[in-house]
Amino acid sequence: MSEKPYMIVFGNEKGGSGKSTAALHTAVGLLLQGQSVGVIDLDVRQGTVTRYLENRRRFSATEEGRGLKLPRQPSVPPTGGEGEGEGEKERLAAAIAELSADCAYIIIDTPGTDNTLSRLGHSYADTLVTPMNDSFIDLDLLAKLDTVTHAIQGPSTYSEMVWEQRKQRALRDRGSIDWVVMRNRLSHLDARNKREIADVMEKLSRRIGFRLARGFGERVIFRELFLKGLTLLAPKKGGLTMSQIAARQEVRALIDTILQARRAPPKSNAA
Ligand SMILES: Nc1ncnc2c1ncn2[C@@H]1O[C@H](COP(=O)(O)OP(=O)(O)O)[C@@H](O)[C@H]1O
Ligand SMILES: [Mg+2]
């Protein structure tokens, strides 16, 4: 494959916000669209993506799981941890180079803590996707807000880190990082709170320089197929429930939002 793969990185500084869930569903969604997909798990401690793919591989070897598509993974994955300096950098570059040979898309999942490998992973993003739980508490991931008025007081450490990786990326290959923020686990309750968060997010997106994705609802279905490494995108025979249909639409919408940047590359990183 001669063209460079499109790199999609899932990141934020909080654990449990849906990075791995969104990364896996995006990977499987692209596979089902007939794309060649590679996956790199930089969350070495939790290893959610690695474990999920092991389950999926095991299940694909059974009668019931026959035909299940699998993404590629690097033969020597980065090992993670602090203090590995150059070795880590090279391992990640080698993993990307290996997958680039036959993948149109590379998905990178990152840990919920800031470390060298995670930062490095961010710097490779063509699109960075940041899922966040739908609450004012989680908005501080993106910016410091006045607790009463919700006025924006300045960027957060994570936004500053993304800004830094945008510079690193520009230096490395003059590329730019398109940033998408998605709200996760949206509830059907508390419409007022939801609207208020949406208003602040709109303002933030202009100020900090990200695009907003529609996001995922709070759905049991996003959790339940882990053991067999399935996702709601590939349901068993017998039809789809309403909740599955809605969830599939959400995953498709996320992929569409990500790929908008691929169809029309952003001209600059200016925020
Ligand atoms: N939209 C959702 N609805 C229901 N559960 C979700 C949703 N998104 C994530 N989860 C669950 O929340 C937990 C944390 O998600 P995960 O993707 O592992 O987060 P992260 O990778 O950011 O730490 C997991 O148990 C996952 O199944
Ligand atoms: Mg994770």
Side-chain angles (χ1 to χ4, degrees), residues 8-29 39-56 71 73 77-81 106-115 117-119 121-122 125 127-135 137-142 156 158 161-162 179-190 193-194 197-198 212-235 240-255 257-258:
I8 308 168
V9 176
F10 290 80
N12 72 18
E13 261 171 18
K14 280 203 166 120
S17 57
K19 292 180 290 298
S20 302
T21 303
L24 286 165
H25 281 89
T26 302
V28 174
V39 170
I40 300 176
D41 186 1
L42 294 185
D43 189 354
V44 181
R45 267 181 60 191
Q46 293 216 316
T48 310
V49 162
T50 306
R51 280 189 296 119
Y52 170 91
L53 291 176
E54 275 165 21
N55 292 341
R56 189 173 172 90
Q73 286 178 280
T79 51
I106 296 181
I107 310 268
I108 299 183
D109 190 31
T110 67
T113 47
D114 183 30
N115 66 28
L117 196 55
S118 175
R119 254 173 276 147
H122 280 73
T127 291
L128 166 66
V129 180
T130 297
M132 52 163 275
N133 287 312
D134 202 42
S135 81
I137 297 168
D138 277 42
L139 270 176
D140 73 359
L141 180 80
L142 300 169
S156 66
Y158 184 72
M161 191 279 279
V162 172
W179 189 9
V180 169
V181 175
M182 64 170 271
R183 294 158 77 188
N184 189 23
R185 313 190 79 152
L186 289 159
S187 73
H188 306 292
L189 310 166
D190 203 2
N193 187 54
K194 215 165 151 176
I197 293 180
L212 281 164
R214 180 175 131 193
F216 292 174
E218 168 67 40
R219 297 180 196 286
V220 179
I221 225 163
F222 278 112
R223 277 176 277 181
E224 66 188 7
L225 297 173
F226 191 81
L227 285 177
K228 287 179 179 173
L230 293 170
T231 74
L232 54 98
L233 298 171
L240 297 165
T241 62
M242 288 307 284
S243 168
Q244 266 179 315
I245 291 169
R248 282 172 72 144
Q249 281 169 351
E250 288 173 348
V251 175
R252 278 201 201 116
L254 176 63
I255 292 175
T257 302
I258 294 169

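Given the structure is predicted, the values throughout are model-derived calculations rather than measurements. Computed over heavy atoms, backbone and side chain alike; hydrogens, waters and symmetry mates excluded. Start at 1 and go down the list; that is how both ligands and their atoms are numbered.
When the heavy-atom distances from atom 21 (O) of ligand 1 to Pro131, Ala22, Ala23, Ser20 are ranked, the shortest goes to Ser20. Considering only non-hydrogen atoms, atom 16 (P) of ligand 1 lies nearest to Thr21 out of Asn133, Asn12, Thr21, Asp43.
Under the 4.5 Å side-chain criterion, counting only non-hydrogen atoms from C-beta, Pro78 is in contact with Leu42. You'll find the side chain of Tyr158 reaches within 4.5 Å of the side chain of Thr130, heavy atoms only. Here the side chains of Thr113 and Arg45 are not in contact, with every heavy-atom distance at 4.5 Å or above. Between Ser156 and Asp140 the shortest side-chain heavy-atom distance does not fall below 4.5 Å.
Remark: the backbone N or O of Ala253 is paired with a side-chain donor or acceptor of Thr257 at under 3.5 angstrom. Under the 3.5 Å distance criterion, the side-chain polar atoms of Glu250 are matched with a main-chain donor or acceptor of Gly217.
When each atom of ligand 1 is checked for a heavy atom of Asn184 under 4.0 Å away, the hits are 1 (N), 2 (C), 7 (C), 8 (N), 9 (C). The atoms of ligand 1 that sit less than 4.0 Å from any heavy atom of Lys19 are 17 (O), 19 (O), 20 (P), 21 (O), 22 (O), 23 (O). The atoms of ligand 1 that sit less than 4.0 Å from any heavy atom of Gly15 are 23 (O). Of all atoms in ligand 1, listed by their number and element, those nearer than 4.0 Å to a heavy atom of Gly217 are 1 (N), 2 (C), 3 (N).
Arg214 pairs by the salt bridge (charged side-chain N to carboxylate O under 4.0 Å, His left out) definition with nothing, not counting sequence neighbours. By the salt bridge (charged side-chain N to carboxylate O under 4.0 Å, His left out) test, Glu54 pairs with no residue at all, sequence neighbours left out. Checked against side-chain contact (heavy atoms from CB on, under 4.5 Å), Ser17 has the following partners two or more places apart in sequence or in another chain: Asn12, Lys19, Asn133.
With waters left out, the protein N, O or S atoms under 2.8 Å from the Mg ion (ligand 2) add up to 1.
Counting protein heavy atoms only, atom 19 (O) of ligand 1 is closest to Gly18 N, 3.0 Å. The nearest protein atom to atom 13 (C) of ligand 1, hydrogens excluded, is given as Arg185 NH1, 4.1 Å; this is a heavy-atom distance. Closest to atom 4 (C) of ligand 1, if we only count protein heavy atoms, is Arg219 O, 3.0 Å.
Of the polar atoms of Val220, none of the N or O atoms is found under 3.5 Å from an N or O of ligand 1, judged by distance alone. When only interatomic distances are considered, the shortest N/O to N/O separation between Gly16 and ligand 1 falls below 3.5 Å. Annotation: Arg223 places an N or O atom under 3.5 Å from an N or O atom of ligand 1; distance criterion only.
Here the CZ-CG distance, from Arg51 to Asp41, works out to 9.5 Å after rounding to the nearest 0.5 Å. Taking OG1 from Thr26 and CD1 from Ile258, the interatomic distance works out to 4.5 Å, rounded to the nearest 0.5 Å.
Annotation: Phe10 is not in aromatic contact with His25 [ring centroid separation under 6.0 Å not met].
Protein heavy atoms come within 4.0 Å of atom 2 (C) of ligand 1.
Ligand 1 has Ser17 within reach: a non-hydrogen atom of the residue lies less than 4.0 Å from it.
Put simply, the residue from Asp109, Val129, Val180 that forms a side-chain contact (heavy atoms from CB on, under 4.5 Å) with Ile8 is Val129.
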